[in-house]
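Working notes for the structure below.
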Amino acid sequence: NYILNEISGGRVGQLDDLLATLQLPLVKRSTFQLATGTLILSPHADRNDSFRKRLEAFVLDSPRLGDPRLPHNVPKWNGIDAAALRKFRTWRATKDLVFFFRSVLPEGRDPHGRKDFWLRYVDQVVDSVVALCPTDLQRLHTSLSSERVHHCKIQENQSISCFLMRFKGTNEDFIVAEFSNVGKARIFYYGRFVERIGDINRSEFRLRELKSE
């Protein structure tokens, strides 16, 4: 609590000490969740890149949390402030989206401004994954690891990769597929996507499942 108050007051130098303490096995789950949620919602996480990146790495590596978009991690986030969960999901979706348009698209070309369009709505993305063709998967292997991008594989090597985003509102639930070659996006109703293709977090897709002529 002392260190959280210090951080709230703008003194973020003790962040590493706090994160090290939270990893101790005797720290209660409720204490861990309260501290982590408070840090995610801290204004410093929005203003200080190094603060946010350190916190993101801690959450992703923590056996008590992990990426909240992965099904096996969902129960671990029970008890975390809902606003903190939404904010963390937005951080990860933004990372994946920017990576897709900057690194996956040929020479980072985005003539139609698709990246800026989706950035306006990325805070509403509840799940996302970068699906890479074998060529892109090999080419981007190092940066995928260093940037912790949530990704999977497209089986066919047609030099086309895809970014999948799930939007879930009160009445609608759908998935948008954006492709690395310039063309139309595809929209799936979520229930039909699961029925015909499977979970958005599967390890591999076939391109013909995602792309319609």
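Everything numeric here is computed off the predicted structure, so don't read it as measured data.
At a cut-off of 3.5 Å, with distance as the only test, a side-chain donor of His150 or Asn201 sits close to an acceptor on the other residue. Using a 3.5 Å distance cut-off with no hydrogens or angles, the side chains of Asp136 and Ser161 do pair a donor with an acceptor. Checking Glu178 against Trp118 by side-chain atom types alone, a donor-acceptor pair falls below 3.5 Å.
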- Do Leu65 and Ile80 pass the side-chain contact (heavy atoms from CB on, under 4.5 Å) test, and can you show the C-alpha distance, the side-chain angles, and the key distance before you say yes or no? CA-CA 10 Å; Leu65 288 176; Ile80 295 283; 4.1 Å; yes

- Task: Could you go through the salt bridge (charged side-chain N to carboxylate O under 4.0 Å, His left out) check for Asp49 and Arg54 one step at a time?
- Result: CA-CA 9 Å; Asp49 272 357; Arg54 179 70 185 91; over 6 Å; no

- Query: Can you check side-chain contact (heavy atoms from CB on, under 4.5 Å) on Ser143 and Phe99, steps first, answer last?
  - Reply: CA-CA 9 Å; Ser143 52; Phe99 179 87; 3.7 Å; yes

- Applying side-chain contact (heavy atoms from CB on, under 4.5 Å), run through Leu210 and Leu164 and close with a yes or a no. CA-CA 9 Å; Leu210 303 175; Leu164 297 170; 4.3 Å; yes

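Looking at Arg64 and Leu22, their side chains never come closer than 4.5 Å, going by heavy atoms from C-beta outward. Residues Asp199 and Phe193 fail the side-chain proximity criterion, which asks for heavy atoms closer than 4.5 Å. Counting heavy atoms from C-beta outward, Ile197 and Arg202 have side chains that approach closer than 4.5 Å. Side-chain atoms of Lys211 and Ile160, non-hydrogen and from C-beta on, do get closer than 4.5 Å to each other. Between Phe100 and Val149, the closest side-chain pair of non-hydrogen atoms is not below 4.5 Å. Using a 4.5 Å heavy-atom cutoff, the side chains of Leu132 and Val130 are in contact. Using a 4.5 Å heavy-atom threshold, the side chains of Glu204 and Ile154 count as separate. A heavy-atom distance below 4.5 Å is not found between the side chains of Thr94 and Asp123.
Although no hydrogens or angles enter the test, the distance criterion places no donor-acceptor pair under 3.5 Å between the side chain of Arg52 and the main chain of His44. Using a distance-only test at 3.5 Å, with no hydrogens or angles considered, no donor-acceptor pair links the side chain of Gln23 to the main chain of Leu18. Between the side chain of Ser128 and the backbone N or O of Met165, no donor-acceptor pair lies under 3.5 Å. Counting only distance, with no hydrogens or angles, the side chain of Arg206 and the backbone of Glu156 share no donor-acceptor pair below 3.5 Å. Judged by distance alone, the side chain of Lys115 and the main-chain N or O of Asp110 form no donor-acceptor pair under 3.5 Å. Checking side-chain atoms of Asn73 against main-chain N and O of Pro68 turns up no donor-acceptor pair under 3.5 Å. A donor-acceptor contact shorter than 3.5 Å is absent between the side chain of Arg109 and the backbone of Phe101. Put simply, the side chain of Thr21 gets close to the backbone of Asp17: a donor and an acceptor are under 3.5 Å apart. No donor-acceptor pair closer than 3.5 Å links the side chain of Asp173 to the backbone N or O of Tyr190. Side-chain atoms of Thr90 come within 3.5 Å of backbone N or O of Arg86 as a donor-acceptor pair.
No chain of hydrophobic side-chain contacts below 4.5 Å, direct or via other Ile, Leu, Val, Met, Phe, Trp or Tyr residues, connects Trp77 to Leu41. Cluster membership for Trp91 and Val98, using ILVMFWY side-chain heavy atoms within less than 4.5 angstrom, is not shared. Hydrophobic clustering of Ile, Leu, Val, Met, Phe, Trp and Tyr side chains at less than 4.5 Å, counting indirect connections, unites Val125 with Val104. By the criterion of side-chain heavy atoms lying less than 4.5 angstrom apart, applied directly or through intervening Ile, Leu, Val, Met, Phe, Trp or Tyr residues, Val59 is not grouped with Leu34; the two fall into different hydrophobic clusters.
A salt bridge is defined here as a Lys NZ or Arg NE, NH1 or NH2 lying under 4.0 Å from an Asp or Glu carboxylate O, and Asp46 with Lys87 meets this definition. The pair Arg186-Glu209 does not meet the salt-bridge criterion, since no charged nitrogen lies less than 4.0 angstrom from a carboxylate oxygen. Using a cut-off of 4.0 Å between Lys/Arg side-chain N and Asp/Glu carboxylate O, Arg92 and Glu56 are scored as salt-bridged.
Taking the six-membered ring where the residue is Trp, the centroids of Tyr189 and Phe174 are separated by 6.0 Å or more.
Taking the six-membered ring where the residue is Trp, Phe58 and Phe32 present tilted rings, their angle falling between 30° and 60°.
For the residue pair Phe205 and Ile200, the shortest heavy atom distance occurs at CZ-O, 3.6 Å. Minimum heavy-atom separation, Val129 to Phe163: O-CD1, 3.4 Å.
The 12-atom threshold is not exceeded at CZ of Arg196, counting heavy atoms of other residues, nucleotides or ligands nearer than 6.0 Å. Within a 6.0 Å radius of CZ in Arg192, no more than 12 heavy atoms belonging to other residues, nucleotides or ligands are found. In this structure, Asn78 places its CG atom where more than 12 heavy-atom neighbours from other residues, nucleotides or ligands lie under 6.0 Å away.
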